[in-house]
Amino acid sequence: MRYLLIAALIFLSLNLQAQKFEGLAPTPPMGWNSWNTFATDINEQLVKDIADKFVELGLKDAGYEYIVLDDGWMAKERDANGNLVADPEKFPSGMKALAAYVHSKGLKFGLYNCAGSETCAGYPGSRGYEYQDARLYASWDIDFLKYDWCNTEKLNAEGAYMTMRDALAKAGRPVVFSICEWGDNEPWNWGQEIGHMWRVSGDISNCWDCEDDHGTWSSWGVWKIINMRKNIRSATGPNHWNDFDMMEVGNGMTAAEDRSHFAMWSMLASPLIMGNDLRSATEETIKTLTNKEVIGVNQDSLGIQGFRVSNEGNIEIWAKPLANGSWAMTFVNMNEKPAELSFDWSEHKITDAETGKGLNTKEKTYQVRDLFNHKKLKNTKSKLKATIGVHDVLMVRLD
Ligand code: GAL
């Protein structure tokens with residue numbers, strides 16, 4: 001009997017180890033990542049400044065939580081014991097102290113590494129060191145790990161990410177595990193039990209709808225990524241999110257394009273990870289990033305990825321079912337000139353093929369609220385009318 005009990009306990013603990021940390025991302029994670037703006041040019045003062053800005057600019061209050069250092073935080077070599085070392089010039093106080101600083105602001109701290117032998121920028125990868133690296137992160141009080149896919153010759157993606165998941169579980173400190181293999185191995189088909197979010201594409205670029213060709217790979221504008229992955233909706237949900245990449249809001253598109261980008265990431269229930277320099281961000285950028293009504297759509301408890309309804313007059317129309325029978329609707333003007341929207345609710349019966357939820361204005365009259373202008377509009381008995389600027393957005397909530 002005793003042996004049976006011991007065997008059962010061993011079985012149970014082995015099984016516990018082989019699970020991701022549950023409950024860490026009931027809604028899409030929100031935060032900031034260094035890569036889009038700084039690439040490997042990062043240092044400890046930058047992290048402290050960003051943490052300060054989170055508080056000062058109301059980003060923390062709006063729900064942003066994670067500050068994540070991407071590639072380039074390490075020294076080029078592991079130490080004599082095989083441990084990763086923070087670059088002593090960029091991070092003289094070390095990662096544990098930096099994590100403590102970030103935590104002192106009520107925020108969380110994340111790092112980046114890679115399943116391969118080296119990271120994409122040529123720093124030591126975790127291949128063969130997974131458990132050791134996970135223990136180190138736990139000892140530094142790290143809360144989030146972005147795990148990349150460069151230099152992974154012959155590795156099986158699901159297996160490699162599972163190994164790191166298990167290593168994190170064994171190390172014991174709850175960590176949001178962010179899978180970054182660019183969608184190559186369709187992580188939306190296997191990532192749910194492994195990570196809390198997975199990138200669905202190659203790198204984003206700060207453009208509306210471009211492809212930046214880098215020879216062996218491309219980076220993608222906002223609409224390229226949206227269109228590439230609008231059909232993997234069923235994979236997303238509480239604690240496992242399709243990640244449409246770090247945002248380019250504030251990185252050079254027009255203010256209208258930034259608004260549309262932010263609206264769409266919210267409609268798609270993507271993690272909202274800022275990628276701009278918060279120290280020099282304009283008021284307009286911060287206004288977009290801290291728009292709590294739009295964020296509310298992203299953070300809706302049902303966690304449903306929105307879907308494309310139609311395109312009328314080159315206005316993209318998207319819908320997202322929200323909790324308690326509410327809906328979000330987004331109209332993006334793809335034209336190169338302002339567009340007049342006149343949307344007759346009674347002529348549109350919108351049904352979500354995935355969840356069966358329907359927006360039926362014949363049966364119910366909804367209150368309509370404009371989420372960027374923060375005002376009540378006429379209810380769904382009237383047509384929705386607006387002039388939408390070039391690449392700008394009208395986003396409404398129906399309750
Ligand atoms: C890419 C990844 C980027 C960034 C970069 C760092 O593979 O998609 O988001 O992490 O590596 O080298």
Side-chain angles (χ1 to χ4, degrees), residues 28-43 46-47 50 66-76 84 86-87 90-91 109-127 133 137 142 144-153 155 157 160-161 164 175-188 191 195-207 210-222 224-226 228-229 241-252 261 265 270-277:
M30 295 174 64
W32 178 89
N33 173 297
S34 52
W35 185 255
N36 285 358
T37 297
F38 298 96
T40 58
D41 188 16
I42 49 180
N43 60 64
L46 172 67
V47 174
I50 296 293
Y66 293 93
I67 294 183
V68 180
L69 276 177
D70 208 283
D71 210 349
W73 62 266
M74 298 169 224
K76 284 276 178 182
L84 292 169
D87 182 314
K90 295 174 177 172
F91 300 98
F109 189 45
L111 289 177
Y112 158 104
N113 208 325
C114 183
S117 51
E118 282 186 358
T119 72
C120 300
Y123 296 87
S126 279
R127 185 169 184 173
D133 290 353
Y137 303 145
I142 299 304
F144 184 111
L145 178 68
K146 175 177 170 182
Y147 204 52
D148 211 346
W149 191 239
C150 278
N151 306 301
T152 50
E153 291 75 18
L155 276 187
Y161 282 95
M164 196 64 210
V175 168
V176 169
F177 189 34
S178 161
I179 296 172
C180 174
E181 58 70 81
W182 321 307
D184 287 5
N185 300 278
E186 305 188 344
W188 46 89
H196 301 90
M197 54 198 260
W198 46 81
R199 279 273 297 281
V200 295
S201 72
D203 291 7
I204 194 169
S205 191
N206 62 336
C207 57
C210 72
E211 175 180 352
D212 278 343
D213 186 351
H214 304 275
T216 53
W217 59 286
S218 286
S219 47
W220 307 99
V222 165
K224 285 278 184 293
I225 302 182
I226 295 170
M228 205 186 298
R229 300 299 182 222
W241 305 100
N242 287 328
D243 172 9
F244 283 74
D245 207 352
M246 289 97 64
M247 293 184 287
E248 294 283 15
V249 174
N251 283 345
H261 172 22
W265 260 229
S270 173
L272 293 180
I273 311 291
M274 301 176 286
N276 57 321
D277 187 350

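The structure displayed is predicted, hence computed values, not measured ones. First listed ligand is number 1; within each ligand, the first listed atom is number 1.
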key: Side-chain donor-acceptor contact under 3.5 Å, Y123 with D71   = no
task = Show your reasoning for whether side chain to side chain donor-acceptor pair (under 3.5 Å) applies to H214 and S219.
result = CA-CA 8 Å; H214 304 275; S219 47; 2.7 Å; yes
One pair per line, please: each N/O atom of ligand 1 matched with every protein N/O atom under 3.5 Å away, atom names first, then the distance to 0.1 Å.
{"residue": "ligand 1", "atom": "7 (O)", "partner": "D148", "partner atom": "OD1", "Å": "3.0"}
{"residue": "ligand 1", "atom": "7 (O)", "partner": "D148", "partner atom": "OD2", "Å": "2.8"}
{"residue": "ligand 1", "atom": "7 (O)", "partner": "W182", "partner atom": "NE1", "Å": "2.9"}
{"residue": "ligand 1", "atom": "8 (O)", "partner": "W182", "partner atom": "NE1", "Å": "3.2"}
{"residue": "ligand 1", "atom": "8 (O)", "partner": "R199", "partner atom": "NH1", "Å": "3.2"}
{"residue": "ligand 1", "atom": "8 (O)", "partner": "R199", "partner atom": "NH2", "Å": "3.2"}
{"residue": "ligand 1", "atom": "8 (O)", "partner": "D203", "partner atom": "OD1", "Å": "2.5"}
{"residue": "ligand 1", "atom": "9 (O)", "partner": "K146", "partner atom": "NZ", "Å": "2.7"}
{"residue": "ligand 1", "atom": "9 (O)", "partner": "R199", "partner atom": "NH1", "Å": "3.1"}
{"residue": "ligand 1", "atom": "10 (O)", "partner": "D70", "partner atom": "OD1", "Å": "2.6"}
{"residue": "ligand 1", "atom": "10 (O)", "partner": "D70", "partner atom": "OD2", "Å": "3.2"}
{"residue": "ligand 1", "atom": "10 (O)", "partner": "K146", "partner atom": "NZ", "Å": "3.0"}
{"residue": "ligand 1", "atom": "11 (O)", "partner": "D148", "partner atom": "OD2", "Å": "2.7"}
{"residue": "ligand 1", "atom": "12 (O)", "partner": "D71", "partner atom": "OD2", "Å": "2.8"}

key: L155 side, atom CG; R127 side, atom CZ - distance, nearest 0.5 Å   = 3.5 Å
message = Treating W73 as the side-chain partner and K90 as the backbone partner, does any N or O pair qualify as donor plus acceptor under 3.5 Å?
response = no
message = Is it the case that the side chain of D245 and the backbone of I204 share a donor-acceptor pair, with hydrogens and angles ignored and the cut-off at 3.5 Å?
response = yes
note = Tested for side-chain contact (heavy atoms from CB on, under 4.5 Å) against S205, the lone hit among N36, D212, N251 is D212
